[in-house]
Amino acid sequence: MVAMLCFGALYVASFGMVRHRRVHRLGGRLSVLGAVILMGEIVLSSVVCWAVGQPGTATFVFVAVSGVVWLPVWLALSLTAGLALLHEILVRTVPGWENQPALTFSCSPRPWRCSESAR
């Protein structure tokens, strides 16, 4: 439960940081701060999956969205594709987990396309 709360807090705080960077025109997408945020989200996502099982994979979508915000396009695409692949591997190899195609679709490069069209 604590890991999930920390994940949510970090995710929400990251958007405040993005807004701050835009308001102050600090430019650039990838920064040390962005890398730290993404690594924190990945670690917390892993802890959540370990603690609650398959429902924890829903955090993959939030990690993918953060990747789109903080990473250059080619890295964001790689991250989202890797998360979709990881989800497919986990549901096929972890006993008791069921395939959830909607979650895999959410982790796919779709978030990147949405953010690009919003610009």
Side-chain angles (χ1 to χ4, degrees):
M1 181 74 143
V2 172
M4 189 66 194
L5 291 173
C6 290
F7 181 88
L10 181 60
Y11 182 77
V12 170
S14 72
F15 286 99
M17 293 173 211
V18 168
R19 184 176 187 290
H20 173 76
R21 290 179 62 82
R22 285 192 181 150
V23 167
H24 296 289
R25 300 177 190 231
L26 297 175
R29 296 183 90 185
L30 184 60
S31 65
V32 174
L33 178 61
V36 169
I37 288 171
L38 279 171
M39 291 307 299
E41 286 181 357
I42 290 168
V43 167
L44 289 169
S45 178
S46 301
V47 172
V48 169
C49 287
W50 174 80
V52 300
Q54 187 173 0
T57 59
T59 59
F60 289 7
V61 176
F62 297 97
V63 174
V65 170
S66 289
V68 169
V69 170
W70 288 102
L71 297 174
V73 172
W74 66 274
L75 279 175
L77 281 172
S78 300
L79 176 66
T80 55
L83 288 168
L85 180 63
L86 176 62
H87 180 261
E88 285 300 310
I89 291 170
L90 288 173
V91 298
R92 285 175 167 65
T93 58
V94 177
W97 285 24
E98 299 173 0
N99 191 12
Q100 296 176 331
L103 184 60
T104 300
F105 179 70
S106 296
C107 291
S108 70
R110 180 176 163 259
W112 174 77
R113 288 195 307 269
C114 292
S115 75
E116 288 298 313
S117 65
R119 289 185 191 172

(message) Let me confirm one number: the CD1-CG distance from I42 to L79, rounded to the nearest 0.5 Å.
(response) 5.5 Å

(request) Report the distance from atom CD of E98 to atom CZ of R92, rounding to the nearest 0.5 Å. (result) 13.0 Å

(request) Kindly compute the distance separating CD (E88) from CG (L86), expressed to the nearest 0.5 Å. (result) 10.0 Å

(message) Nearest 0.5 Å, please: how far is OG1 in T80 from CG in L75?
(response) 10.5 Å

(message) Under 4.5 Å between side-chain heavy atoms, counting indirect links through other Ile/Leu/Val/Met/Phe/Trp/Tyr residues: same cluster for W50 and V2 or not?
(response) no

(request) Check S66 against S14 and note the closest heavy-atom contact, atom names and distance. (result) OG-OG, 4.3 Å

(request) Could you tell me which non-hydrogen atom of V63 sits nearest to which non-hydrogen atom of E41, and how far apart they are? (result) CA-OE1, 3.8 Å

(request) Grab the two heavy atoms, one from G56 and one from V48, that are nearest each other, plus how far apart they are. (result) CA-CG1, 3.7 Å

(message) Testing the basics here: between F60 and L83, what is the closest heavy-atom pair and its distance to 0.1 Å?
(response) O-CD1, 3.5 Å

(message) Distance check, rounded to the nearest 0.5 Å: N99 atom CG versus Q54 atom CD?
(response) 8.5 Å

(message) I need the minimum non-hydrogen distance between A76 and G67, along with the two atoms involved.
(response) CB-O, 3.7 Å

(message) Hydrophobic clusters here meaning ILVMFWY residues chained together by side-chain heavy-atom distances under 4.5 Å, can you tell me if V61 and V47 are in one?
(response) no

(message) For S45 versus T59, what's the shortest heavy-atom pair and its separation?
(response) OG-OG1, 2.5 Å

